[in-house]
Amino acid sequence: MKKTILITTLCAVVIIITGSFIAVNSKHNEIKENVKKSNPEVSAIESIRGVGGWMEPTSEYTLVVIMGGQTYRVWTRGDGELLDKVVIE
């Protein structure tokens with residue numbers, strides 16, 4: 001009986017973690033596409049991260065992008081509109 005409960009619990013945890021990973025990656029891919037659509041000068045997106053802490057809803061994202069041969073850190077709310085940008089050296 002204890003073994004069945006342990007296996008069921010572990011399976012549920014794996015399913016929840018996998019689902020969360022897939023959801024986050026899907027959202028990040030959507031944001032990357034929005035940024036590329038709204039800003040044709042962006043030639044590449046190197047990384048993306050949500051701004052916020054663990055278990056906080058993310059409403060703002062930071063990306064490292066290449067525009068015109070220069071690397072920038074940019075901020076967006078996910079709609080593709082850039083809120084701010086800073087040159088990375």
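Because only heavy atoms are used, hydrogens play no part in the values below, and waters and symmetry mates are left out as well, while side chains stay in. For reference, positions follow the sequence shown, starting with 1.
Here the side chain of Asn34 pairs a donor or acceptor atom with the backbone of Gly78 at under 3.5 angstrom. The closest donor-acceptor contact from the side chain of Ser43 to the backbone of Ile66 lies under 3.5 Å. Between the side chain of Asn39 and the backbone N or O of Leu82, no donor-acceptor pair lies under 3.5 Å.
Between atom CE of residue Met1 and atom CG of residue Leu6 there is a gap of 12.5 Å, rounded to the nearest 0.5 Å. Remark: Gln70 CD to Lys85 NZ distance equals 10.0 Å, nearest 0.5 Å. Separating the CG atom in Asn25 from the CD atom in Glu30 is a distance of 13.0 Å, to the nearest 0.5 Å. One distance of note links OH of Tyr72 with CD of Glu41; it measures 9.5 Å at 0.5 Å rounding. Separating the OG1 atom in Thr76 from the CD1 atom in Ile48 is a distance of 8.5 Å, to the nearest 0.5 Å. Here the CG atom belonging to Asn29 is positioned 9.5 Å from the CD1 atom belonging to Ile45, to the nearest 0.5 angstrom.
Residues Leu83 and Val51 fall within the same hydrophobic cluster, defined by Ile, Leu, Val, Met, Phe, Trp and Tyr side chains chained together at heavy-atom separations under 4.5 Å. The cluster map of Ile, Leu, Val, Met, Phe, Trp and Tyr, joined by side-chain heavy atoms under 4.5 Å apart, puts Val14 and Ile22 in different clusters. In the hydrophobic clustering of this structure, Val87 groups with Val74; members are Ile, Leu, Val, Met, Phe, Trp, Tyr whose side-chain heavy atoms approach within less than 4.5 Å, directly or through other members.
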Item to complete: Would you check, one step at a time, whether the test side-chain contact (heavy atoms from CB on, under 4.5 Å) holds for Val64 with Thr71?
Response: CA-CA 7 Å; Val64 175; Thr71 305; 3.6 Å; yes

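Looking at every heavy atom in both residues, His28 comes nearest to Gly50 through NE2-N, 4.2 Å. Shortest non-hydrogen contact noted between Val35 and Leu63 is CG2-CD2, 4.3 Å. In terms of heavy-atom proximity, Gly80 sits nearest to Ser38 at O-CB, 3.5 Å.
Other residues, nucleotides and ligands contribute only 12 or fewer heavy atoms inside 6.0 Å of the CD atom of Glu81.
Between Trp75 and Glu60 the shortest side-chain heavy-atom distance falls below 4.5 Å. Counting heavy atoms from C-beta on, the side chains of Arg73 and Val65 never come closer than 4.5 Å.
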